[in-house]
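One structure is given here, and the rest of the page talks about it.
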Amino acid sequence: MADLKPPRGTRDILPPESERFAAVERAAADIFERAGYRRIITPMFEDTGIFERSIGEATDIVTKEMYTFTDRSGNSLTLRPEGTAPVMRAIVSNALWQQGLPIKLYYSAAMFRYERPQKGRFRQHHQLGIEAVGAEDPALDAEVIEVGWQALQAAGVGEATLLLNSMGHPECRAGYLPALREFLAAHRDGLDADCKRRMESNPLRVFDCKVPQDQAILTDAPMLEQFLCDACREHFVAVQQHLRDAGLSFQSAPRLVRGFDYYTRTTFEYQSAALEAAQNALGGGGRYDGLMEQLGGPALPGIGFGLGVDRMLLAQEEAKTIVQAFALVSYVIPLTHEEYQLAARVAKRLREKGNTEVEFSQRKLSDALARASKKGARTAVIIGPSERDGGFATLKDLTTGDQHSVPLDDLPARVGEILNS
Ligand code: HAM
């Protein structure tokens with residue numbers, strides 16, 4: 001028999017967590033739309049080359065984490081591990097720049113990475129992200145960073161820190177990499193095998209190493225910051241000034257390289273104070289000024305971020321900021337089969353006031369009331385044979401225990417009064 005558990009690293013998100021998930025998604029979408037971002041929905045899988053060419057052949061994601069498969073026509077396809085490359089691909093294939101710049105898009109989508117599952121780290125996770133393409137003004141960087149911050153605040157994730165860095169442009173990195181290589185070569189013996197591999201294939205990726213002993217060695221490594229060209233340095237200074245003007249505090253994080261090769265200039269991460277260090281990134285992003293061209297499109301700069309919904313939900317739990325996203329206003333209880341139809345009609349009207357459910361299990365009244373309370377209903381509406389014949393119902397306030405006979409037509413108004421009381 002098939003294994004009935006969800007595949008390793010995936011999970012079923014059940015009520016009430018699923019309702020918090022939906023509330024987070026709504027709150028973020030509202031913030032994104034108010035800032036002029038419009039929703040884009042791209043396929044869940046893409047041609048494998050899209051990810052290899054954009055994320056980078058030597059990154060952990062491309063070398064170890066992609067869900068790649070060959071379809072029946074022999075095409076190599078990959079379930080999207082991230083949202084930026086597919087959005088760039090969609091902009092190019094639909095020539096979206098023709099509608100004016102910058103192109104401002106957002107997404108809410110599942111991502112797939114073959115990672116070692118642990119708390120806050122899944123093989124399927126969900127991201128809310130924005131991408132702004134076609135402008136390189138530092139004020140746009142600040143706007144994007146602030147929109148992400150606002151979305152996290154609206155979702156109620158508790159205390160968070162904004163980390164900021166600049167990766168410079170490829171030219172700045174070309175000056176930096178020999179210095180980094182020289183440092184790594186001098187410390188080669190102290191590095192673990194994985195870090196040595198990174199050192200050969202793509203030295204910047206050594207900063208992604210998780211081994212504490214490697215991290216200790218890297219504290220003395222030369223920093224990219226010292227190699228930024230004048231234009232990149234000025235851009236970075238201006239981003240910081242705009243953030244200060246917006247009242248957003250941030251910490252400089254010169255070792256924040258992030259796990260993608262497409263980043264240039266501004267990179268940032270939002271870290272939760274409530275989550276453990278290995279999974280405390282609630283979201284992250286940055287500029288990717290060469291990516292569109294690399295994918296065969298026009299040379300348009302871009303910047304964006306992705307927020308991890310699974311981690312936002314976890315942060316709500318750890319920071320104890322959970323707000324109940326689903327509330328039952330009324331629980332309608334027909335006492336016999338004869339009242340089912342009337343109960344359904346009454347419920348339909350009460351739904352004007354909020355979530356309303358009908359009891360369909362023919363429990364004893366006391367059991368039905370206990371169930372209504374367990375479900376957190378604010379009121380119970382009881383309809384038995386005498387109520388049906390008389391055209392009224394018994395309305396019970398489940399908080400105070402008060403109950404009254406109420407004509408059926410008056411029920412929505414009376415329920416409304418209880419809600420406001
Ligand atoms: P990322 O940092 O790889 O960036 O992912 C964004 C966020 O998704 C992370 O900060 C984290 O909250 C969440 N996340 C990532 N992997 C997992 C996982 N295995 N389990 C749970 N949550 C996870 C990107 O993907 C970039 N595309 C963001 C971006 C957009 N940069 C520019 N535009």
Side-chain angles (χ1 to χ4, degrees), residues 8-11 13 21 24 28 32 37 40 42 46 50-51 54-56 59-62 64-67 79-89 91 103-133 140-141 144-145 147-149 151-152 155 157 160-163 165 167 208 253 256-272 274-292 301-316:
R8 187 166 144 76
T10 70
R11 65 202 183 112
I13 305 180
F21 183 113
V24 163
F32 299 162
Y37 293 82
I40 182 165
T42 63
E46 297 277 350
I50 297 288
F51 298 115
S54 53
I55 298 172
T59 56
D60 278 358
I61 294 186
V62 169
K64 300 195 264 191
E65 297 173 1
M66 295 210 301
Y67 279 92
L79 296 184
R80 76 178 151 228
E82 63 100 45
T84 310
V87 171
M88 294 310 115
R89 199 268 312 134
I91 291 176
I103 306 156
K104 295 171 88 177
L105 298 167
Y106 79 89
Y107 49 87
S108 169
M111 309 290 163
F112 305 87
R113 297 181 191 176
Y114 188 79
E115 296 203 69
R116 202 166 61 77
Q118 50 194 297
K119 197 173 179 188
R121 190 173 295 280
F122 303 97
R123 290 186 173 169
Q124 175 176 336
H125 72 278
H126 200 95
Q127 282 188 28
L128 299 164
I130 71 173
E131 311 293 349
V133 171
L140 177 64
D141 300 43
V144 165
I145 294 172
V147 165
W149 183 262
L152 291 172
V157 296
T161 307
L162 168 61
L163 301 183
N165 192 20
M167 303 287 295
D208 295 337
L256 183 71
V257 291
R258 304 204 17 86
F260 305 86
D261 284 354
Y262 55 60
Y263 285 123
T264 53
R265 295 193 162 176
T266 313
T267 48
F268 55 97
E269 224 163 74
Y270 309 101
Q271 290 190 350
S272 163
L275 299 180
E276 287 163 31
Q279 292 82 238
N280 66 355
L282 293 168
R287 248 189 194 284
Y288 42 83
D289 290 347
L291 178 55
M292 179 83 88
I303 177 163
F305 62 72
L307 305 178
V309 178
D310 308 82
R311 294 204 187 155
M312 290 164 80
L313 297 176
L314 209 57
Q316 288 179 340

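Just so you know, these numbers come straight off a predicted model, no measurement behind them. Atoms within each ligand, like the ligands themselves, are counted from 1 in listed order.
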From the candidates [options], the one that places a heavy atom nearest [atom]:
atom: atom 23 (C) of ligand 1; options: Lys119, His125, His126, Arg123; result: His125
atom: atom 3 (O) of ligand 1; options: Gln127, Gln118, Arg113, Met111; result: Arg113
atom: atom 1 (P) of ligand 1; options: Gln271, Glu82, Arg258; result: Arg258

Which atoms from ligand 1 have a heavy atom of [X] less than 4.0 Å away?
X: Tyr107; value: 30 (C)
X: Glu131; value: 30 (C), 32 (C), 33 (N)
X: Gly308; value: 7 (C), 8 (O), 12 (O), 13 (C)
X: Gly306; value: 6 (C), 7 (C), 28 (C), 29 (C), 30 (C)
X: Gly284; value: 10 (O), 28 (C), 29 (C)
X: Gly283; value: 10 (O), 12 (O)
X: Phe305; value: 28 (C), 29 (C), 30 (C), 32 (C), 33 (N)

> For atom CD of Gln118, is the number of surrounding heavy atoms from other residues, nucleotides or ligands below 6.0 Å larger than 12?
Replying inline: yes
[X] heavy atom under 4.0 Å from ligand 1:
X: Gly120; result: yes
X: Phe112; result: no
X: Gly259; result: no
X: Asp310; result: no

Region of [X] that comes within reach of ligand 1 [heavy atoms, distance under 4.0 Å]:
X: Leu282; answer: backbone
X: Tyr263; answer: side chain
X: Tyr114; answer: neither
X: Arg121; answer: both

[X] (side chain) donor-acceptor with [Y] (main chain) under 3.5 angstrom:
X: Gln279; Y: Lys119; value: yes
X: Arg311; Y: Gly120; value: yes
X: Glu82; Y: Thr84; value: yes
X: Arg121; Y: Ala278; value: yes
X: Arg113; Y: Pro81; value: yes
X: Arg123; Y: Pro117; value: no
X: Thr264; Y: Asp289; value: yes
X: Asn165; Y: Leu256; value: yes

for atom 32 (C) of ligand 1, nearest protein heavy atom and its distance come out as Gly304 O, 3.2 Å
of all protein heavy atoms, closest to atom 20 (N) of ligand 1 is Phe122 N, 2.9 Å
So CD1 of Ile103 and CD1 of Ile91: to nearest 0.5 Å the spacing works out to 4.5 Å
Looking only at distances, please establish whether an N/O atom of ligand 1 is found under 3.5 Å from an N/O atom of [X].
X: Glu115; result: yes
X: Ala281; result: yes
X: Phe260; result: no
X: Leu307; result: no

Across all chains, not counting sequence neighbours, the ring pair (Phe, Tyr, Trp, His ring centres under 6.0 Å) partners of Phe21 are His126
Aromatic ring pairing Tyr262/Phe260, orientation class (parallel under 30°, perpendicular over 60°, tilted between) = parallel
Fill in: Phe32-Tyr106 aromatic ring centre distance below 6.0 Å
yes
A side-chain contact here means heavy atoms from C-beta on lying under 4.5 Å apart; do Tyr270 and Ile145 qualify?
yes
